[in-house]
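Naming: A, B, ... by sequence-line order, numbering from 1 per chain.
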Amino acid sequence: MMRHFLQIDGLSIEDLHHILDTTESFTSVDDRAVKKVPLLRGKTIVNLFFEPSTRTRTTFELAAKRLSADVLNINIATSAATKGESLLDTLFNLQAMNTDMFIVRHPESGAAEFISNYVDSHVSVINAGDGRHAHPTQAMLDMFTIRKHFKDFSKLSIAIVGDILHSRVARSQIEALNILGAKEIRVIAPRTLLPANIEQLGVEVFQNCREGLRDVDVVIMLRLQKERMQGGFIPSEHEYFQLYGLTPERLTYAKPNAIVMHPGPINRGVEISSEVADGPQSVILQQVEYGIAVRMAILSLAMSSEESLTAKGSDV
Amino acid sequence: MTELNAQQLLKDLANDLHDYLSDQNISDPVFIGIQTGGVWVAKALQSLLNNKQKLGVLDITFYRDDFSRTGIQPTVKPSKLPLGVDDKHIILVDDVLHTGRTVRAALNEIFDYGRPASVSLVVLVQRNGNELPIQADVAACKLNLEPTQHIKLSGPEPLELKVLEVTAHPNSE
(Lines give C-alpha, C1' and ligand atoms only; values in the text may rest on other atoms or scores of the structure.)
Protein backbone atom coordinates (compact mmCIF):
# COMPACT_ATOMS: atom_id res chain seq x y z
CA MET A 1 0.00 0.00 0.00
CA MET A 2 0.97 3.60 -0.56
CA ARG A 3 2.84 5.73 1.95
CA HIS A 4 1.26 8.95 0.64
CA PHE A 5 -2.35 9.34 -0.43
CA LEU A 6 -2.34 12.27 -2.83
CA GLN A 7 -4.81 11.49 -5.61
CA ILE A 8 -7.06 8.77 -6.98
CA ASP A 9 -5.42 8.82 -10.42
CA GLY A 10 -2.85 6.04 -10.67
CA LEU A 11 -4.55 3.66 -8.22
CA SER A 12 -5.91 0.30 -9.38
CA ILE A 13 -9.38 -1.13 -8.92
CA GLU A 14 -7.83 -3.54 -6.38
CA ASP A 15 -6.38 -0.61 -4.42
CA LEU A 16 -9.78 1.10 -4.27
CA HIS A 17 -11.62 -2.06 -3.21
CA HIS A 18 -8.93 -2.74 -0.62
CA ILE A 19 -9.55 0.71 0.88
CA LEU A 20 -13.33 0.19 0.77
CA ASP A 21 -13.07 -3.29 2.36
CA THR A 22 -10.79 -1.98 5.11
CA THR A 23 -13.27 0.85 5.67
CA GLU A 24 -16.01 -1.72 6.15
CA SER A 25 -14.19 -3.25 9.10
CA PHE A 26 -13.62 0.15 10.70
CA THR A 27 -17.36 0.95 10.66
CA SER A 28 -17.79 -1.60 13.48
CA VAL A 29 -15.68 0.58 15.79
CA ASP A 30 -18.70 2.88 16.14
CA ASP A 31 -20.79 0.08 17.69
CA ARG A 32 -18.77 -0.34 20.82
CA ALA A 33 -18.69 1.28 24.24
CA VAL A 34 -15.13 2.52 23.66
CA LYS A 35 -15.11 3.97 20.13
CA LYS A 36 -11.39 3.53 19.74
CA VAL A 37 -8.83 0.97 18.60
CA PRO A 38 -5.15 1.07 19.60
CA LEU A 39 -3.73 0.73 16.07
CA LEU A 40 -1.88 4.05 15.81
CA ARG A 41 -1.06 4.50 19.49
CA GLY A 42 2.07 6.59 19.86
CA LYS A 43 1.86 8.11 16.38
CA THR A 44 1.56 11.87 15.96
CA ILE A 45 -0.58 13.18 13.12
CA VAL A 46 -0.62 16.83 12.05
CA ASN A 47 -3.70 18.38 10.47
CA LEU A 48 -2.03 21.08 8.36
CA PHE A 49 -4.82 23.27 7.05
CA PHE A 50 -4.07 26.30 4.88
CA GLU A 51 -7.74 26.75 4.04
CA PRO A 52 -10.78 26.76 6.31
CA SER A 53 -12.63 23.47 6.68
CA THR A 54 -14.96 22.04 9.28
CA ARG A 55 -16.14 18.65 8.08
CA THR A 56 -12.91 17.42 6.56
CA ARG A 57 -10.71 18.59 9.40
CA THR A 58 -12.96 17.28 12.17
CA THR A 59 -13.53 13.90 10.53
CA PHE A 60 -9.77 13.50 10.00
CA GLU A 61 -9.24 14.47 13.62
CA LEU A 62 -11.86 11.99 14.84
CA ALA A 63 -10.48 9.26 12.58
CA ALA A 64 -6.97 9.77 13.98
CA LYS A 65 -8.26 9.86 17.56
CA ARG A 66 -10.32 6.68 17.08
CA LEU A 67 -7.08 5.05 15.97
CA SER A 68 -5.49 6.31 19.24
CA ALA A 69 -3.04 8.65 17.49
CA ASP A 70 -2.17 12.07 18.91
CA VAL A 71 -3.41 14.92 16.73
CA LEU A 72 -2.09 18.42 16.24
CA ASN A 73 -4.35 20.90 14.49
CA ILE A 74 -2.40 23.63 12.74
CA ASN A 75 -4.44 26.38 11.18
CA ILE A 76 -1.96 28.26 9.04
CA ALA A 77 -4.12 31.35 8.60
CA THR A 78 -3.62 32.01 12.31
CA SER A 79 -0.08 30.74 12.75
CA ALA A 80 3.54 31.55 12.00
CA ALA A 81 2.97 31.82 8.25
CA THR A 82 1.39 35.19 8.92
CA LYS A 83 4.66 36.17 10.59
CA GLY A 84 6.50 35.43 7.36
CA GLU A 85 7.72 31.86 7.90
CA SER A 86 7.91 29.87 4.68
CA LEU A 87 5.89 26.72 4.06
CA LEU A 88 8.96 24.50 4.15
CA ASP A 89 10.28 26.07 7.36
CA THR A 90 6.92 25.43 9.01
CA LEU A 91 7.05 21.86 7.74
CA PHE A 92 10.60 21.17 8.92
CA ASN A 93 9.82 22.57 12.36
CA LEU A 94 6.79 20.33 12.72
CA GLN A 95 8.78 17.37 11.48
CA ALA A 96 11.50 18.08 14.07
CA MET A 97 8.83 17.35 16.69
CA ASN A 98 8.87 13.69 15.57
CA THR A 99 5.56 13.72 13.78
CA ASP A 100 4.55 10.77 11.61
CA MET A 101 1.97 12.13 9.20
CA PHE A 102 0.76 15.37 7.62
CA ILE A 103 -2.82 15.79 6.49
CA VAL A 104 -2.69 18.76 4.12
CA ARG A 105 -5.44 21.07 2.87
CA HIS A 106 -4.21 23.90 0.64
CA PRO A 107 -5.73 26.34 -1.90
CA GLU A 108 -2.98 25.61 -4.46
CA SER A 109 -3.14 22.51 -6.69
CA GLY A 110 -0.19 20.21 -6.07
CA ALA A 111 0.58 21.49 -2.55
CA ALA A 112 0.28 18.08 -0.84
CA GLU A 113 2.53 16.46 -3.44
CA PHE A 114 5.07 19.28 -3.04
CA ILE A 115 5.17 18.67 0.70
CA SER A 116 5.48 14.90 0.18
CA ASN A 117 8.74 15.52 -1.72
CA TYR A 118 10.33 17.15 1.33
CA VAL A 119 9.24 15.02 4.28
CA ASP A 120 11.42 12.36 5.94
CA SER A 121 11.22 8.86 4.52
CA HIS A 122 8.96 7.50 7.27
CA VAL A 123 6.50 10.42 7.18
CA SER A 124 3.22 10.08 5.26
CA VAL A 125 1.30 12.86 3.53
CA ILE A 126 -2.44 12.71 2.95
CA ASN A 127 -4.11 15.15 0.57
CA ALA A 128 -7.19 16.68 2.21
CA GLY A 129 -7.92 18.86 -0.82
CA ASP A 130 -5.53 20.89 -2.99
CA GLY A 131 -6.83 23.73 -5.13
CA ARG A 132 -8.90 22.44 -8.03
CA HIS A 133 -6.81 19.29 -8.33
CA ALA A 134 -7.99 16.51 -6.02
CA HIS A 135 -9.82 15.58 -2.84
CA PRO A 136 -9.19 11.84 -2.80
CA THR A 137 -10.51 10.96 0.68
CA GLN A 138 -13.80 12.70 -0.14
CA ALA A 139 -14.05 10.65 -3.34
CA MET A 140 -13.38 7.44 -1.39
CA LEU A 141 -16.09 8.18 1.17
CA ASP A 142 -18.47 8.89 -1.71
CA MET A 143 -17.56 5.56 -3.32
CA PHE A 144 -18.09 3.82 0.02
CA THR A 145 -21.53 5.44 0.37
CA ILE A 146 -22.48 4.36 -3.15
CA ARG A 147 -21.24 0.80 -2.53
CA LYS A 148 -23.31 0.65 0.67
CA HIS A 149 -26.45 1.28 -1.39
CA PHE A 150 -25.63 -0.49 -4.66
CA LYS A 151 -23.28 -3.44 -4.76
CA ASP A 152 -22.16 -3.33 -8.38
CA PHE A 153 -20.61 -0.21 -9.93
CA SER A 154 -20.80 -1.67 -13.44
CA LYS A 155 -24.60 -1.30 -13.40
CA LEU A 156 -24.69 2.31 -12.19
CA SER A 157 -25.42 5.60 -13.90
CA ILE A 158 -24.16 8.55 -11.91
CA ALA A 159 -24.85 12.23 -12.53
CA ILE A 160 -22.60 14.93 -11.06
CA VAL A 161 -24.39 18.26 -11.11
CA GLY A 162 -23.08 21.80 -10.75
CA ASP A 163 -19.80 23.62 -10.50
CA ILE A 164 -17.45 21.05 -12.03
CA LEU A 165 -14.95 23.75 -13.02
CA HIS A 166 -13.87 24.66 -9.50
CA SER A 167 -14.46 21.23 -7.99
CA ARG A 168 -11.56 19.04 -6.89
CA VAL A 169 -14.22 16.72 -5.47
CA ALA A 170 -15.76 16.13 -8.90
CA ARG A 171 -12.37 15.42 -10.46
CA SER A 172 -11.52 12.79 -7.85
CA GLN A 173 -15.01 11.28 -8.02
CA ILE A 174 -14.81 10.92 -11.80
CA GLU A 175 -11.41 9.22 -11.54
CA ALA A 176 -12.64 6.83 -8.86
CA LEU A 177 -15.86 5.98 -10.72
CA ASN A 178 -13.92 5.27 -13.90
CA ILE A 179 -11.47 2.99 -12.07
CA LEU A 180 -14.34 1.15 -10.35
CA GLY A 181 -15.97 0.60 -13.74
CA ALA A 182 -19.16 2.64 -13.40
CA LYS A 183 -21.50 2.09 -16.34
CA GLU A 184 -22.06 5.77 -17.07
CA ILE A 185 -20.81 9.04 -15.60
CA ARG A 186 -22.67 12.19 -16.55
CA VAL A 187 -21.90 15.77 -15.68
CA ILE A 188 -24.64 18.37 -15.75
CA ALA A 189 -23.63 22.03 -15.70
CA PRO A 190 -23.71 25.26 -17.67
CA ARG A 191 -20.76 25.55 -20.09
CA THR A 192 -19.24 28.31 -17.95
CA LEU A 193 -18.87 25.88 -15.03
CA LEU A 194 -17.24 23.08 -17.04
CA PRO A 195 -13.50 22.77 -17.58
CA ALA A 196 -12.27 22.63 -21.17
CA ASN A 197 -11.85 19.07 -22.49
CA ILE A 198 -14.08 17.65 -19.75
CA GLU A 199 -15.13 14.84 -22.13
CA GLN A 200 -11.59 13.49 -22.04
CA LEU A 201 -12.18 12.45 -18.41
CA GLY A 202 -14.63 9.82 -19.68
CA VAL A 203 -17.91 11.57 -18.95
CA GLU A 204 -20.97 12.52 -20.92
CA VAL A 205 -21.91 16.21 -20.76
CA PHE A 206 -25.44 17.54 -20.33
CA GLN A 207 -26.57 21.12 -20.01
CA ASN A 208 -30.14 20.17 -19.24
CA CYS A 209 -31.23 18.54 -15.98
CA ARG A 210 -34.23 16.75 -17.43
CA GLU A 211 -32.08 14.80 -19.89
CA GLY A 212 -29.08 14.45 -17.65
CA LEU A 213 -30.92 13.08 -14.64
CA ARG A 214 -33.05 10.62 -16.60
CA ASP A 215 -32.87 7.15 -15.00
CA VAL A 216 -29.69 7.74 -13.03
CA ASP A 217 -29.06 5.75 -9.83
CA VAL A 218 -26.94 8.35 -8.06
CA VAL A 219 -27.20 12.15 -8.11
CA ILE A 220 -24.17 13.99 -6.76
CA MET A 221 -24.80 17.70 -6.21
CA LEU A 222 -21.84 20.04 -5.97
CA ARG A 223 -21.66 23.19 -3.94
CA LEU A 224 -21.80 26.44 -5.89
CA GLN A 225 -18.49 27.85 -4.70
CA LYS A 226 -19.57 31.38 -3.93
CA GLU A 227 -16.07 32.42 -2.84
CA ARG A 228 -14.78 31.55 -6.32
CA MET A 229 -17.59 33.22 -8.21
CA GLN A 230 -16.25 36.70 -8.85
CA GLY A 231 -15.75 35.96 -12.55
CA GLY A 232 -19.41 36.14 -13.60
CA PHE A 233 -19.79 32.42 -14.26
CA ILE A 234 -23.55 32.52 -13.66
CA PRO A 235 -26.11 35.35 -14.00
CA SER A 236 -27.41 34.95 -10.42
CA GLU A 237 -27.88 32.34 -7.72
CA HIS A 238 -31.62 32.59 -8.23
CA GLU A 239 -31.35 31.81 -11.92
CA TYR A 240 -28.88 29.00 -11.22
CA PHE A 241 -31.41 27.38 -8.90
CA GLN A 242 -34.12 27.76 -11.54
CA LEU A 243 -32.00 25.83 -14.05
CA TYR A 244 -29.86 23.44 -12.00
CA GLY A 245 -31.15 23.36 -8.41
CA LEU A 246 -32.26 19.90 -7.31
CA THR A 247 -35.96 20.06 -6.44
CA PRO A 248 -38.33 17.18 -5.65
CA GLU A 249 -39.85 17.53 -9.15
CA ARG A 250 -36.46 17.30 -10.85
CA LEU A 251 -35.44 14.34 -8.73
CA THR A 252 -38.37 12.36 -10.20
CA TYR A 253 -36.43 12.15 -13.51
CA ALA A 254 -33.94 9.87 -11.76
CA LYS A 255 -34.75 6.27 -10.83
CA PRO A 256 -37.22 5.97 -7.91
CA ASN A 257 -34.56 4.46 -5.64
CA ALA A 258 -31.85 6.94 -6.64
CA ILE A 259 -29.74 8.40 -3.85
CA VAL A 260 -28.80 12.07 -3.52
CA MET A 261 -25.30 12.97 -2.38
CA HIS A 262 -23.51 16.24 -1.62
CA PRO A 263 -19.97 16.72 -0.28
CA GLY A 264 -21.12 19.66 1.83
CA PRO A 265 -21.40 22.33 2.95
CA ILE A 266 -24.77 22.68 1.21
CA ASN A 267 -26.25 25.96 0.01
CA ARG A 268 -29.96 25.45 0.54
CA GLY A 269 -31.98 27.09 -2.22
CA VAL A 270 -28.93 27.50 -4.47
CA GLU A 271 -27.95 24.04 -5.71
CA ILE A 272 -30.39 21.94 -3.68
CA SER A 273 -33.80 22.52 -2.10
CA SER A 274 -34.35 21.76 1.56
CA GLU A 275 -37.04 19.20 0.70
CA VAL A 276 -34.47 17.12 -1.19
CA ALA A 277 -31.55 17.71 1.19
CA ASP A 278 -33.65 16.54 4.15
CA GLY A 279 -35.73 14.06 2.15
CA PRO A 280 -35.80 10.26 2.14
CA GLN A 281 -33.43 9.87 -0.82
CA SER A 282 -30.73 12.07 0.69
CA VAL A 283 -27.67 10.25 2.06
CA ILE A 284 -25.74 13.45 2.81
CA LEU A 285 -25.36 12.76 6.52
CA GLN A 286 -24.37 9.14 5.88
CA GLN A 287 -21.51 10.51 3.78
CA VAL A 288 -20.29 12.47 6.80
CA GLU A 289 -20.57 9.40 9.04
CA TYR A 290 -18.70 7.15 6.59
CA GLY A 291 -16.06 9.86 6.21
CA ILE A 292 -14.62 8.87 9.58
CA ALA A 293 -14.28 5.14 8.79
CA VAL A 294 -12.84 5.85 5.32
CA ARG A 295 -10.22 8.14 6.80
CA MET A 296 -9.40 5.59 9.51
CA ALA A 297 -8.75 3.07 6.74
CA ILE A 298 -6.59 5.43 4.69
CA LEU A 299 -4.56 6.61 7.70
CA SER A 300 -3.82 3.08 8.86
CA LEU A 301 -3.04 1.83 5.35
CA ALA A 302 -0.61 4.69 4.79
CA MET A 303 1.06 3.88 8.11
CA SER A 304 1.30 0.25 6.96
CA SER A 305 3.47 1.10 3.97
CA GLU A 306 6.86 -0.53 3.81
CA GLU A 307 8.72 2.77 4.28
CA SER A 308 6.74 3.65 7.40
CA LEU A 309 7.40 0.21 8.88
CA THR A 310 11.11 -0.09 8.12
CA ALA A 311 12.28 3.51 8.51
CA LYS A 312 11.87 3.87 12.25
CA GLY A 313 11.69 0.37 13.66
CA SER A 314 9.63 1.79 16.50
CA ASP A 315 8.26 -1.25 18.29
CA VAL A 316 5.57 -0.40 20.77
CA MET B 1 3.38 -33.81 8.79
CA THR B 2 1.18 -35.31 11.47
CA GLU B 3 -2.58 -35.20 11.39
CA LEU B 4 -4.59 -34.97 14.60
CA ASN B 5 -8.17 -36.18 14.88
CA ALA B 6 -10.00 -32.85 14.97
CA GLN B 7 -13.48 -34.38 15.35
CA GLN B 8 -12.44 -36.43 18.38
CA LEU B 9 -10.69 -33.41 19.93
CA LEU B 10 -13.85 -31.33 19.43
CA LYS B 11 -15.95 -33.93 21.24
CA ASP B 12 -13.43 -34.09 24.09
CA LEU B 13 -13.39 -30.30 24.25
CA ALA B 14 -17.18 -30.11 24.39
CA ASN B 15 -17.29 -32.67 27.23
CA ASP B 16 -14.57 -30.90 29.20
CA LEU B 17 -16.24 -27.53 28.65
CA HIS B 18 -19.57 -28.97 29.81
CA ASP B 19 -17.95 -30.13 33.08
CA TYR B 20 -16.10 -26.84 33.46
CA LEU B 21 -19.29 -24.80 33.07
CA SER B 22 -21.14 -26.84 35.70
CA ASP B 23 -18.16 -26.53 38.08
CA GLN B 24 -18.22 -22.77 37.61
CA ASN B 25 -22.03 -22.57 37.82
CA ILE B 26 -22.22 -20.83 34.45
CA SER B 27 -25.41 -21.33 32.46
CA ASP B 28 -26.04 -20.01 28.97
CA PRO B 29 -22.64 -18.41 28.31
CA VAL B 30 -21.88 -16.24 25.26
CA PHE B 31 -19.37 -17.75 22.82
CA ILE B 32 -16.88 -15.50 21.10
CA GLY B 33 -14.64 -17.00 18.41
CA ILE B 34 -11.39 -15.45 17.23
CA GLN B 35 -11.16 -15.23 13.41
CA THR B 36 -10.87 -17.59 11.64
CA GLY B 37 -10.17 -20.95 13.26
CA GLY B 38 -11.61 -19.92 16.62
CA VAL B 39 -14.93 -19.11 14.96
CA TRP B 40 -15.14 -22.60 13.44
CA VAL B 41 -14.36 -24.25 16.77
CA ALA B 42 -16.84 -21.99 18.61
CA LYS B 43 -19.62 -22.89 16.15
CA ALA B 44 -18.90 -26.59 16.57
CA LEU B 45 -18.94 -26.27 20.37
CA GLN B 46 -22.20 -24.35 20.30
CA SER B 47 -23.90 -27.08 18.33
CA LEU B 48 -22.40 -29.89 20.47
CA LEU B 49 -23.49 -28.14 23.67
CA ASN B 50 -26.81 -26.96 22.23
CA ASN B 51 -26.05 -23.30 22.96
CA LYS B 52 -28.53 -21.06 21.16
CA GLN B 53 -26.91 -17.69 21.86
CA LYS B 54 -25.68 -15.63 18.93
CA LEU B 55 -22.02 -16.23 18.22
CA GLY B 56 -19.65 -13.31 18.70
CA VAL B 57 -16.86 -12.92 16.14
CA LEU B 58 -13.63 -11.14 16.93
CA ASP B 59 -11.01 -9.95 14.46
CA ILE B 60 -8.12 -8.78 16.57
CA THR B 61 -6.20 -7.09 13.73
CA PHE B 62 -6.73 -3.62 15.22
CA TYR B 63 -5.34 -4.82 18.56
CA ARG B 64 -2.25 -6.72 17.44
CA ASP B 65 1.04 -5.75 19.06
CA ASP B 66 3.00 -6.03 15.80
CA PHE B 67 1.31 -3.24 13.77
CA SER B 68 4.52 -1.20 13.77
CA ARG B 69 6.33 -4.22 12.22
CA THR B 70 3.78 -5.68 9.84
CA GLY B 71 1.15 -2.98 9.27
CA ILE B 72 -2.53 -3.70 8.84
CA GLN B 73 -3.44 -7.24 7.80
CA PRO B 74 -4.97 -7.42 4.33
CA THR B 75 -7.66 -9.86 5.42
CA VAL B 76 -9.16 -7.82 8.23
CA LYS B 77 -12.88 -8.47 8.78
CA PRO B 78 -15.26 -6.57 11.04
CA SER B 79 -15.72 -7.78 14.61
CA LYS B 80 -19.30 -8.50 15.59
CA LEU B 81 -20.39 -8.98 19.17
CA PRO B 82 -24.17 -8.99 18.64
CA LEU B 83 -25.30 -9.31 22.24
CA GLY B 84 -22.88 -6.94 23.89
CA VAL B 85 -20.68 -8.26 26.66
CA ASP B 86 -21.82 -6.39 29.77
CA ASP B 87 -22.34 -8.83 32.68
CA LYS B 88 -22.13 -11.85 30.37
CA HIS B 89 -20.10 -14.99 30.97
CA ILE B 90 -17.85 -15.10 27.91
CA ILE B 91 -16.37 -18.28 26.47
CA LEU B 92 -13.46 -17.05 24.36
CA VAL B 93 -12.54 -19.68 21.76
CA ASP B 94 -9.45 -20.08 19.60
CA ASP B 95 -8.04 -23.04 17.73
CA VAL B 96 -4.47 -22.94 19.08
CA LEU B 97 -2.98 -21.19 22.10
CA HIS B 98 0.67 -20.55 21.35
CA THR B 99 2.40 -17.28 22.36
CA GLY B 100 -0.68 -15.85 24.07
CA ARG B 101 -0.44 -12.58 22.13
CA THR B 102 -3.66 -13.14 20.20
CA VAL B 103 -5.56 -13.77 23.43
CA ARG B 104 -4.05 -10.65 24.99
CA ALA B 105 -5.31 -8.63 22.00
CA ALA B 106 -8.73 -10.32 22.14
CA LEU B 107 -9.15 -9.51 25.85
CA ASN B 108 -8.32 -5.87 25.17
CA GLU B 109 -10.88 -5.74 22.38
CA ILE B 110 -13.61 -7.43 24.45
CA PHE B 111 -13.17 -4.86 27.20
CA ASP B 112 -13.67 -2.05 24.67
CA TYR B 113 -17.17 -3.45 24.16
CA GLY B 114 -18.07 -3.45 27.85
CA ARG B 115 -17.52 -5.25 31.15
CA PRO B 116 -18.16 -8.98 31.07
CA ALA B 117 -18.94 -10.93 34.26
CA SER B 118 -16.18 -13.40 33.39
CA VAL B 119 -14.06 -14.61 30.48
CA SER B 120 -12.93 -18.22 30.11
CA LEU B 121 -10.42 -19.31 27.49
CA VAL B 122 -11.16 -22.49 25.55
CA VAL B 123 -8.81 -23.87 22.87
CA LEU B 124 -8.52 -27.02 20.84
CA VAL B 125 -4.75 -27.23 21.31
CA GLN B 126 -2.47 -25.61 23.85
CA ARG B 127 1.13 -25.82 22.66
CA ASN B 128 4.43 -24.82 24.23
CA GLY B 129 5.99 -21.46 23.42
CA ASN B 130 3.90 -19.24 25.69
CA GLU B 131 5.29 -15.69 25.92
CA LEU B 132 2.66 -14.21 28.25
CA PRO B 133 1.04 -15.35 31.50
CA ILE B 134 -2.05 -16.66 29.69
CA GLN B 135 -3.32 -20.25 30.08
CA ALA B 136 -6.40 -21.98 28.72
CA ASP B 137 -9.20 -22.86 31.15
CA VAL B 138 -10.14 -25.78 28.92
CA ALA B 139 -7.92 -27.37 26.26
CA ALA B 140 -8.63 -30.62 24.42
CA CYS B 141 -4.93 -31.44 24.18
CA LYS B 142 -1.52 -30.11 25.08
CA LEU B 143 1.37 -30.52 22.68
CA ASN B 144 5.11 -30.02 22.99
CA LEU B 145 6.38 -29.06 19.56
CA GLU B 146 9.70 -28.01 18.10
CA PRO B 147 10.04 -24.32 17.21
CA THR B 148 10.04 -25.38 13.55
CA GLN B 149 6.64 -27.00 13.87
CA HIS B 150 3.39 -25.18 13.33
CA ILE B 151 -0.23 -26.29 13.91
CA LYS B 152 -2.70 -25.50 11.18
CA LEU B 153 -6.48 -25.82 11.41
CA SER B 154 -8.30 -25.90 8.08
CA GLY B 155 -12.05 -25.87 7.61
CA PRO B 156 -14.79 -25.23 8.23
CA GLU B 157 -16.08 -28.48 6.63
CA PRO B 158 -14.47 -30.74 7.63
CA LEU B 159 -12.25 -29.37 10.36
CA GLU B 160 -8.74 -30.75 9.98
CA LEU B 161 -5.80 -30.22 12.27
CA LYS B 162 -2.25 -30.76 11.05
CA VAL B 163 1.23 -30.29 12.40
CA LEU B 164 3.43 -28.78 9.69
CA GLU B 165 7.16 -28.32 9.45
CA VAL B 166 8.03 -24.71 8.69
CA THR B 167 11.45 -23.31 7.90
CA ALA B 168 11.05 -20.02 9.74
CA HIS B 169 9.68 -19.63 13.23
CA PRO B 170 6.13 -18.31 12.84
CA ASN B 171 5.66 -14.81 14.22
CA SER B 172 2.19 -15.38 15.47
CA GLU B 173 0.00 -18.28 16.42
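- Dense packing is recorded around CZ of A:R55, with more than 12 heavy atoms of other residues, nucleotides or ligands lying under 6.0 Å away.
- Residues A:S28 and B:S79 share a closest heavy-atom pair of CB-O, 3.6 Å.
- A:A33 approaches B:G114 most closely through the heavy-atom pair CB-N, 4.4 Å.
- Between A:M303 and B:F67, some side-chain heavy-atom pair lies under the 4.5 Å cut-off.
- Of the two parts of A:L40, only the side chain, counted from C-beta on, holds a non-hydrogen atom closer than 4.5 Å to a non-hydrogen atom of chain B.
- One finds the CD1 atom of B:I72 at 9.0 Å from the CE atom of A:M296 (value rounded to the nearest 0.5 Å).
- Minimum heavy-atom separation, B:D112 to A:R32: O-CB, 3.6 Å.
- To the nearest 0.5 Å, the span separating NZ on B:K77 from CG on A:D21 amounts to 11.0 Å.
- Residue A:K36 qualifies as enclosed at atom NZ: its count of foreign heavy atoms under 6.0 Å is above 12.
- At least one side-chain heavy atom of A:S25 sits under 4.5 Å from a side-chain heavy atom of B:F62.
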